[in-house]
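Every heavy atom of this structure was used, including side-chain atoms; hydrogens, water molecules and symmetry mates were not.
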Amino acid sequence: MSDNRYRFLLIGAVIGGVLGMAAAWLAADALDEQAQLQELDVAAIRIQPRARDWLTFTVAAVALLRQFSEMLAPKKKK
């Protein structure tokens, strides 16, 4: 493989790791908030994403990836 390919793979892995860590951090904060609400005896409140929320997130992630790939695509000279 070429050096550019390795560099892009490494950059993609780092970006994926950072985004994954940010998502995990947000999920952990949501669980902490839910635990705090239960301590306050607010049993009716439950933080849980619905299927629609996951679908919206997935569509946004795919759109972001498409924009990123278009940014890296070779440009045609006029």
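Linking ILVMFWY residues whenever their side-chain heavy atoms come closer than 4.5 Å, directly or via other members, places Phe68 and Phe8 in the same cluster.
Pairs of residues two or more places apart, or lying in two chains, that qualify as side chain to side chain donor-acceptor pair (under 3.5 Å) and include a residue from residues 20-29 are Trp25-Asp29. Among residues at least two apart or in separate chains, salt bridge (Lys or Arg N to Asp or Glu O under 4.0 Å) pairs with a member in residues 51-69 are Arg50-Asp53.
By the neighbour-count criterion of 12 heavy atoms within 6.0 Å, atom CE of Met21 is sparsely surrounded, having that number or fewer from other residues, nucleotides or ligands.
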Side-chain donor-acceptor pairs under 3.5 Å in residues 12-20, sequence neighbours left out?
none

